[in-house]
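Lettering of chains follows the sequences in order, A, B, ..., and the numbering in each one begins at 1. Just so we're clear, the structure is a prediction, and the values are computed from it rather than from any experiment.
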Number of protein chains: 2
Amino acid sequence: MAVTMNDVARAAGVSLKTVSNVLNDYEFIRPATKQKVLDAIAELGYEANLTARSLRSGKSRMLGLVLSDLSVPYYAELASRLMTVASARGYRVLVEQSAAEEANELSALQGTFRQLTDGLLFTPLALGADAVAHRRGSKPLVILGEHIEDPRFDLVTMKNVGAATALTAHLLAGGRRRIAVIGASAEDSAGSPGLRLNGYREALAAAGVDFDPSLIVPAEWRRDGGASAVGKLLDSGAEFDAVFGLNDALALGAMHELQIRGVNVPADVAVAGFDDIDEARFASPSLTTVAPGMGEIAERSIELLIDRIEGAETADEGVHVEVEFELRIRASAP
Amino acid sequence: MAVTMNDVARAAGVSLKTVSNVLNDYEFIRPATKQKVLDAIAELGYEANLTARSLRSGKSRMLGLVLSDLSVPYYAELASRLMTVASARGYRVLVEQSAAEEANELSALQGTFRQLTDGLLFTPLALGADAVAHRRGSKPLVILGEHIEDPRFDLVTMKNVGAATALTAHLLAGGRRRIAVIGASAEDSAGSPGLRLNGYREALAAAGVDFDPSLIVPAEWRRDGGASAVGKLLDSGAEFDAVFGLNDALALGAMHELQIRGVNVPADVAVAGFDDIDEARFASPSLTTVAPGMGEIAERSIELLIDRIEGAETADEGVHVEVEFELRIRASAP
DNA sequence: TCGTCTGGGTACATCGTTGCAGAAAGCGGA
DNA sequence: TCCGCTTTCTGCAACGATGTACCCAGACGA
């Protein structure tokens, strides 16, 4: 079978523990002994058994990532970056899809998934702050995104309100006055939809434009959700000269439906999104949107989580990181 | 700390091994005893320690998935489906990104990644058949995609040649005669690019249209690759009335560039892709493409791999599965 | 000379399971 | 009554690493 530490010990003529000490950079080892062990390791092609190490040490060097669905471009891009960053620090990422369902989020938080990982990057969609606080285990947990804002948690997010304000202000500056919002309900005020809607309202207020609840259309945050929402809006006869999709998928779906119905983008209706997924740049017309600083989100969240795991970060209160955004003005809303 | 089997045994008044037997559905246990154990498990909230189980049994119930980059939409969608299917059979999927680099593919094939998983779903991009055959370990391995076709391996793929032929035939039937291909070199004949190019050539031959190597443009299989390739084509002054992107990302990038340059799609140039990622349906105009039966690919490959792992599939020769495709005729090439 | 300290190494228990061997009890057949 | 077989359950070793305790040789000071 596979080469074990015992085989190495025998080959090097030392004890099992000495091999272990060499591998763990134990301080007091004679260079000659260390070299013998290293030679034996090289010769036999020994590789540590991670399962055994994990059982004994209680650490797996795996991070859990819980998100709704990996096929959502934003999550796919985020997962890819998280993996790269984690890998540089010697950790792997194990992904769990929750489908935004409560039962799945709970089992990711508590079940065997938790066991396999040293810490969790969690995007709660169905679960509220109290539910998470109640079911969180003892292992470190970092919340990604803005659905939960609570001092009990470590959190990495972007400036949702500010970004939505800036984007809306840009549409207003372009002369748009009736800006439909897709992906929220008029009464939302928390979570990604709520925060982004708040930003929208702030920009309207600053420009002295009235808020019209009939322009706020709920939708699933997917391309088809955006398409059907804007379809309903057109059918209802509502007047609007811009569409703000609360993420890029919504905006792209909406833009597609507008074009099919013969509405010219941006001449008749401007369209803007949120997230700056790669696809946005290549849409026709290319999509105006907000880049959430995903690289920084990935780096900061991995860093925070690993610091917690390795005990470097010891604040009692949750650490909240807010990453800067950048407006990407493109052809759909110049 | 966590509840162990020992705690359960004590609570139920039986031996450790009996608890283990109950959990592993051992045949000869009195119903009453079994019930006592199950009650104790429920009361204590016991959950098996997967690491310990894995060390002892040598199985982790994890499948490895090696692909170039999770942020590529096709891979993201595939990964998402594979996870769902695997989960239904009680397995998890651990993803490793290779960036299509040889060193990374090798380490995924041999290193600690391999150790953590019971079997591998492998998309070789840098490594050739011999290299893989030489470095494959003893654990089951299923090749995904068509880069390697070799009787030594289990393989799940789609009918690349047939699909490319059908798609090209559709373009020809629409009156297009100068169909540019993006994402291959004229001399390619193996791997995804080669096979799809072969299909293209077959369709041309069947229609009596000459093959023009100057219409074949190599490119990285990404949106920006498609954009710059079609840009070069336009700059070169080549005449063409259709573009066949060897995957959707290429086609979408190409379509974007054409539109920016004022070329009307599909009136001036028709565009077709390959993969039918979700984005294709919502592009403007919506993209004509080939749906590779991704659901079936996911199901068949997981099934094959798990059967190998659990010893059900015992053929000596590699099993080759070819999944059916479907043409999706949309607005970009009606 | 003796006791103490320290660097360098070893032996054994341990993490939480499962495999193997076997023990105890019940039962039928000769 | 005894034997052999099945059913039900138990104890111990083992998977491959790490932590703890300890041992020994040499240096050092008194």
Notebook entry, point to check: In whole angstroms, how far is the C1' atom of dG16(D) from the NZ atom of Lys59(B)?
Noted result: 18 Å

Distance-only check: which donor-acceptor pairs under 3.5 Å involve side-chain atoms of residues 30-45 of chain B, not counting sequence neighbours?
{"from": "Gln35(B)", "atom 1": "NE2", "to": "Asp39(B)", "atom 2": "OD1", "distance (Å)": "3.0"}

Checklist line | Spacing of Ile297(B) atom CD1 and Ser301(B) atom OG [to the nearest 0.5 Å] | finding: 7.5 Å

Note to self: Output the rounded distance in Å from CZ (Arg53(B)) to C1' (dG16(D)).
What the structure shows: 19 Å

Note to self: Is the phosphate of dT7(D) approached by Arg30(B) (side-chain N or O, under 4.0 Å from OP1 or OP2)?
What the structure shows: no

Next item on the list: Please determine if a side-chain N or O atom of Ser54(A) lies less than 4.0 Å away from the OP1 or OP2 oxygen of dC15(C).
Entry: no

Margin query: Using only atom types and a distance under 3.5 Å, with no angle test, would you say the side chain of His320(A) pairs donor to acceptor with the backbone of Thr157(A)?
Written below: no

Note to self: When you measure from the side-chain N and O atoms of Arg56(A) to the phosphate of dG19(D), is any distance below 4.0 Å, counting only OP1 and OP2?
What the structure shows: no

Note to self: Could you work out how much the helix from dT1(C)-dA30(D) to dA30(C)-dT1(D) bends, comparing the axis of its first five pairs with that of its last five, to 10°?
What the structure shows: 60°

Next item on the list: Would you mind reading off the distance between Met5(A) atom CE and dA17(D) atom C1', rounded to a whole angstrom?
Entry: 6 Å

Note to self: Heavy-atom nearest nucleotide on DNA chain D for Phe28(B) versus Ser57(B): which residue maps closer to 5'?
What the structure shows: Phe28(B)

Check: Considering residues at least two apart in sequence or located in another chain, which fulfil the side chain to side chain donor-acceptor pair (under 3.5 Å) criterion with Thr51(B)?
Finding: none

Next item on the list: Would you please name every residue forming a side chain to side chain contact (heavy atoms under 4.5 Å, CB included) with Asp278(A), sequence neighbours left out?
Entry: Glu77(A), Arg281(A), Phe282(A), Arg223(B)

Margin query: For Ala86(B), give me all partners under side chain to side chain contact (heavy atoms under 4.5 Å, CB included), at least two apart in sequence or on another chain.
Written below: Leu63(B), Tyr91(B), Val93(B), Ile302(B)

Check: Taking DNA chain C as the partner, which of residues 14-27 of chain A come within under 4.0 angstrom of it by heavy atom?
Finding: Val14(A), Ser15(A), Lys17(A), Thr18(A), Asn21(A)

Next item on the list: For Ser68(B), check side chain to side chain donor-acceptor pair (under 3.5 Å) against everything at least two apart and list the hits.
Entry: none

Next item on the list: Assign each of Leu55(B) and Gly13(B) to its nearest nucleotide of DNA chain D by heavy atoms, then name whichever residue's nucleotide is nearer the 5' end.
Entry: Gly13(B)

Compile the donor-acceptor pairs under 3.5 Å between side chains in residues 124-144 of chain B and protein atoms, sequence neighbours left out, one pair per line.
{"from": "Asp130(B)", "atom 1": "OD1", "to": "Arg152(B)", "atom 2": "NH1", "distance (Å)": "3.4"}
{"from": "Asp130(B)", "atom 1": "OD1", "to": "Arg152(B)", "atom 2": "NH2", "distance (Å)": "2.7"}
{"from": "Arg136(B)", "atom 1": "NH1", "to": "Arg152(B)", "atom 2": "O", "distance (Å)": "3.0"}
{"from": "Lys139(B)", "atom 1": "NZ", "to": "Arg114(B)", "atom 2": "O", "distance (Å)": "3.1"}
{"from": "Lys139(B)", "atom 1": "NZ", "to": "Gln115(B)", "atom 2": "O", "distance (Å)": "3.4"}
{"from": "Lys139(B)", "atom 1": "NZ", "to": "Thr117(B)", "atom 2": "O", "distance (Å)": "2.9"}

Checklist line | Set of residues satisfying side chain to side chain donor-acceptor pair (under 3.5 Å) with respect to Ser60(B), sequence neighbours excluded | finding: Asp118(B)

Notebook entry, point to check: In chain order, what residues pass the side chain to side chain donor-acceptor pair (under 3.5 Å) check against Ser98(A), with sequence neighbours excluded?
Noted result: none

Checklist line | side chain to side chain contact (heavy atoms under 4.5 Å, CB included) partners of Ser107(A), counting only residues at least two apart | finding: none

Next item on the list: Can you sort out which residues in residues 34-51 of chain A have a heavy atom within less than 4.0 Å of DNA chain C? Ascending by number, please.
Entry: none

